[in-house]
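See structure below.
In what follows, every heavy atom counts, from backbone to side chain, and hydrogens, waters and symmetry copies are set aside.
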Amino acid sequence: MKSSPHPSGHPGHNPGLLALARDAALPALSSAFDKALAGFDDELFNRAETAGASQLVFLDGMRELRRRREDITLRFGAHLKQAWESLEGGTPLSAELVLTQAAQGDGGLSLLSEHDLESRLAVRNFASVVLRDWKPVLARLDRRLAWVAGVDEMDASSNPVGPEHIGVALHEAFSTCDLVAEVRLVLIKLCEREFAAQVGRIYRDVDEGLAEAGVMPGISQPGRPAAPRAAAKARHEPEPEPEPAREAEPEDPQGAPAWARRFTERWARHRSELQAGAHGALGDEPAPNGQNMVLEALHELLAQTRHVREDATAAAQVAVGQQRPLSQHEMMSVLSLLQATPTATLRAAVGDETESLAQRLKNEVISGATRLGVDPSQARLDPQDEDAIDLVGMLFDVMLDERELEGRSRELIGRLVVPFVKVAMLDRRMFVQKTHPARKLLNSLAEACEGNAGESQAERALMGKVEEIIDRLIAEFNENLAIFLTLEEEFRDFLAQHRRRIEIAERRATETQRGQEKLEMARSRAAAELDKRLQAGAPLPAAIGDFLRQPWNHHLTLGLLREGEDGAAVGEALQLADTLLEEVAEAHRHIVGKPWLQSCQPALRKVFASVGLHGEGSVAAIDALHDTLQAIAEARPELERALPELPQVALPTAPVQESPALDLGAEKTESVDVADAERYRGMAVGTWLDFVDKDGKVQAGKLSWVSPISSRLLFVNRRGVRFCVASPEELVVMERLGRLRPHLDDGAFDTAMQGVIDRLDPQQPTLH
């Protein structure tokens, strides 16, 4: 690229550079897309060969793709051209806004089909992949394009050739094709595989071309020349390949979860206090490190709390010196029996929130040892085995108490208690290793069960798979931990489909709330306009008042929904009402012989048509209004006429007022500190919070959408279903009442372990 950069260091519109960037980007993107598209029909043919019953849909898709290939490429390029023209006009087009406006349909009230929602999610995923792999070059390209376009800033949604606009272009390209949802999603996935890398290289070329032209050369990658491609060409070397962006994530070298790090930090302080109190008596003991430190700290804490419990129970005062610990072989034999055929008392303990699973398990193990010929009065649990039972029992107590697991979900998760005691005895690293297959499987199963009441076919299918996995675990798990890895990998794929359905449900919740808020706003505005006119002067005759309250109000509401407050239909409706009121005023001045309603008959016909009154019915209604005005002018009220019976068209009803999930009591939102409200107002979409009900039950809620109309925040539960819509001020009040708190979601296992530590800590005040 050769052109003159801006004469100053300030951004300003440079049509020459912008045109050069356009010529470098748009044809290259369309060409790369068309080239990738050319190979997709072969891929569809290959899939058809292995698709079984779905073979025909792939073959039909292949033929449709060949037939419509040119049109698909044109539609792809047309969207990018439209987005670029908006940038050249100084008003960059938001990709999210394009999808939102297309989704709103007629009046913004229609819901998208599941297929359309899946397509939108697929192109968003495409965009996220490109953004992830090419983040550094995109950041530079955004800044350079904003500079030459003369706009203040540009982001992923407003860059006309950015990943999000390319995603919209893909959606538009395939939108008119006669393709079943499965084939459409395959095509978008193929774009992600075959097209995304080409997109990134085009970004690199455009960015380097702008840098060569002198556009913000100082923002090149550190340690790399501003134009590496040009430099490589000059040296006759191969062009450097892109270096995909990698976001650094802090990784614990020991693989310890967050609760373990927090716990060991506090326990280390506790040990230091003990050492200081004992004047260095513990100084000769080396402090354990990493995972061993966590396990050692847990052992000490469990031993101390167990000692407190035994001191408080006279029955626990036994001569342990005369008892022998059960061997590991004996323990495994007893646990295997309990795993295959759990006792009625153990099953009852899973369903009873007041009973300790740990204590019940220990009783069942000692009792079960009698079936192996062991005298229970002469046997006891080895301390390490007792630790394993205590930790697993308390872990499941917390999980069953604090997570949304009821009915069948609670029963299924409860069946895992005994297998997990066996894992804890075989491999204590399960408690401290984030990647342990047993804890990963438990996390996935808990995610599938939580809040799953089996209300839909998809939820019932998911619960059926959960039951199948647990049945196989109980039947096949002996002492080989490999079964957890096998089952976790199998269930992971099934759970991915469930998560996709949750994303679709969340999109539906957002679209529904958006439509409801638009309706609420339209109704409020229409009601205000109606009240203003009804209260402006003397009482209106019945026909005129009925006209304004019913068909006109309905027509105005729909106009506001479809076109917004500044729409032409809205202005026409308001003008009609004002004209009608002026004619009523003239009639009251007894002007006889005026051709009433002559100027507004076309607008009246539109209003009556909007409520389903056409032809003769519309003429009769207008005649009734005319005769009423004539009767007023002649001072003969007996000649006034009523409107004919109107079709039963229900006016749009206001949505049910969403209240916060919790009763705010006597707290007033007016007293909320502005800074506290701003904290929630600025919260990022995707943030999770814990909502606590009056019984102490916790439900996690994800911020899914913030209304641009009311500034209210929409939260969905783990199934993607709307359950709370609240203002920032209401959220502050909920936080004051202890009904709202930050959500720490490290998975079901880690969250429950944090709960175990919290339940044990109150008995150890020196830890705090």
Side-chain angles (χ1 to χ4, degrees), residues 104 106-109 518-634 636-637 639-654:
Q104 288 175 355
D106 185 14
L109 296 178
K518 284 187 65 178
L519 175 57
E520 189 175 0
M521 180 190 70
R523 284 182 55 85
S524 176
R525 169 73 189 282
E529 295 291 348
L530 176 63
D531 289 343
K532 182 167 67 175
R533 284 159 178 80
L534 292 180
Q535 298 171 7
L540 297 175
I544 304 296
D546 290 344
F547 169 79
L548 291 175
R549 292 185 185 92
Q550 297 177 49
W552 180 82
N553 189 24
H554 179 273
H555 180 74
L556 177 60
T557 301
L558 292 182
L560 288 163
L561 280 172
R562 290 172 177 158
E563 301 181 12
E565 296 198 4
D566 299 323
V570 174
E572 186 179 70
L574 295 176
Q575 181 60 44
L576 171 62
D578 293 338
T579 301
L580 196 58
L581 292 177
E582 288 173 6
E583 297 219 354
V584 171
E586 290 181 3
H588 278 297
R589 292 198 294 270
H590 305 297
I591 301 174
V592 179
K594 177 178 172 153
W596 304 106
L597 306 178
Q598 187 173 22
S599 64
C600 55
Q601 288 203 21
L604 287 169
R605 283 194 292 271
K606 284 185 182 180
V607 172
F608 285 118
S610 72
V611 296
L613 203 62
H614 303 277
E616 294 182 0
S618 176
V619 171
I622 294 174
D623 287 346
L625 295 175
H626 176 278
D627 293 350
T628 295
L629 292 171
Q630 184 66 32
I632 296 172
E634 295 177 358
R636 299 182 63 186
L639 297 180
E640 291 184 22
R641 292 175 54 191
L643 287 176
E645 184 176 357
L646 299 173
Q648 295 300 310
V649 177
L651 288 171
T653 56

Are there more than 12 heavy atoms of other residues, nucleotides or ligands under 6.0 Å from atom CG of Asp531?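 For Asp531, atom CG is crowded (more than 12 foreign heavy atoms under 6.0 Å).
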
Under 3.5 Å, sequence neighbours excluded: what are the donor-acceptor pairs made by side chains of residues 620-632?
from: Asp627; atom 1: OD2; to: Arg641; atom 2: NH1; distance (Å): 2.5
from: Thr628; atom 1: OG1; to: Ala624; atom 2: O; distance (Å): 2.8
from: Thr628; atom 1: OG1; to: Arg641; atom 2: N; distance (Å): 3.3
from: Thr628; atom 1: OG1; to: Arg641; atom 2: O; distance (Å): 3.0
from: Gln630; atom 1: OE1; to: Trp596; atom 2: NE1; distance (Å): 2.8
from: Gln630; atom 1: NE2; to: Glu634; atom 2: OE2; distance (Å): 2.7

Nearest-0.5 Å distance, [atom1] of residue [X] to [atom2] of residue [Y]:
X: Leu534; Y: Ile544; atom1: CG; atom2: CD1; answer: 11.5 Å
X: Asn553; Y: Asp546; atom1: CG; atom2: CG; answer: 12.5 Å
X: Phe608; Y: Gln550; atom1: CZ; atom2: CD; answer: 10.0 Å

Could you pull out all residues at least two apart from Thr579 that satisfy side chain to side chain donor-acceptor pair (under 3.5 Å)?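 Scan of Thr579 (side chain to side chain donor-acceptor pair (under 3.5 Å), adjacent residues dropped) gives Gln575.
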
If you define the side chain from C-beta out and look only at heavy atoms, does anything of [X] sit under 4.5 Å from [Y]?
X: Leu613; Y: Val607; answer: no
X: Phe547; Y: Leu580; answer: yes
X: Val570; Y: Leu556; answer: yes

Examine distances only and state if a side-chain atom of Glu563 and a backbone atom of Ala569 form a donor-acceptor pair shorter than 3.5 Å.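 Between the backbone of Ala569 and the side chain of Glu563 there is a qualifying donor-acceptor contact (under 3.5 Å).
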
What pair of heavy atoms forms the shortest contact from Ser610 to Pro551, and how long is it?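 That closest heavy-atom pairing would be OG-O, 4.4 Å.
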
Of all the heavy-atom pairs spanning Gly545 and Leu540, show the shortest one and how long it is.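 So the two residues come closest at N-CB, 4.2 Å.
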
Can you pull out every salt bridge (charged side-chain N to carboxylate O under 4.0 Å, His left out) where at least one residue sits in [range]? Sequence neighbours excluded, please.
range: residues 573-593; answer: Arg533-Asp578, Glu586-Lys594
range: residues 605-614; answer: Glu572-Lys606
range: residues 608-617; answer: none

Sequence neighbours left out, what passes salt bridge (charged side-chain N to carboxylate O under 4.0 Å, His left out) with Glu565? Give chain and number order.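 For Glu565, the residues satisfying salt bridge (charged side-chain N to carboxylate O under 4.0 Å, His left out) (neighbours in sequence not counted) are Arg525.
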
Carboxylate-amine/guanidinium contact Glu529 Lys532, below 4.0 Å: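 Judged by the 4.0 Å cut-off on N to carboxylate O distance, Glu529 and Lys532 do form a salt bridge.
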
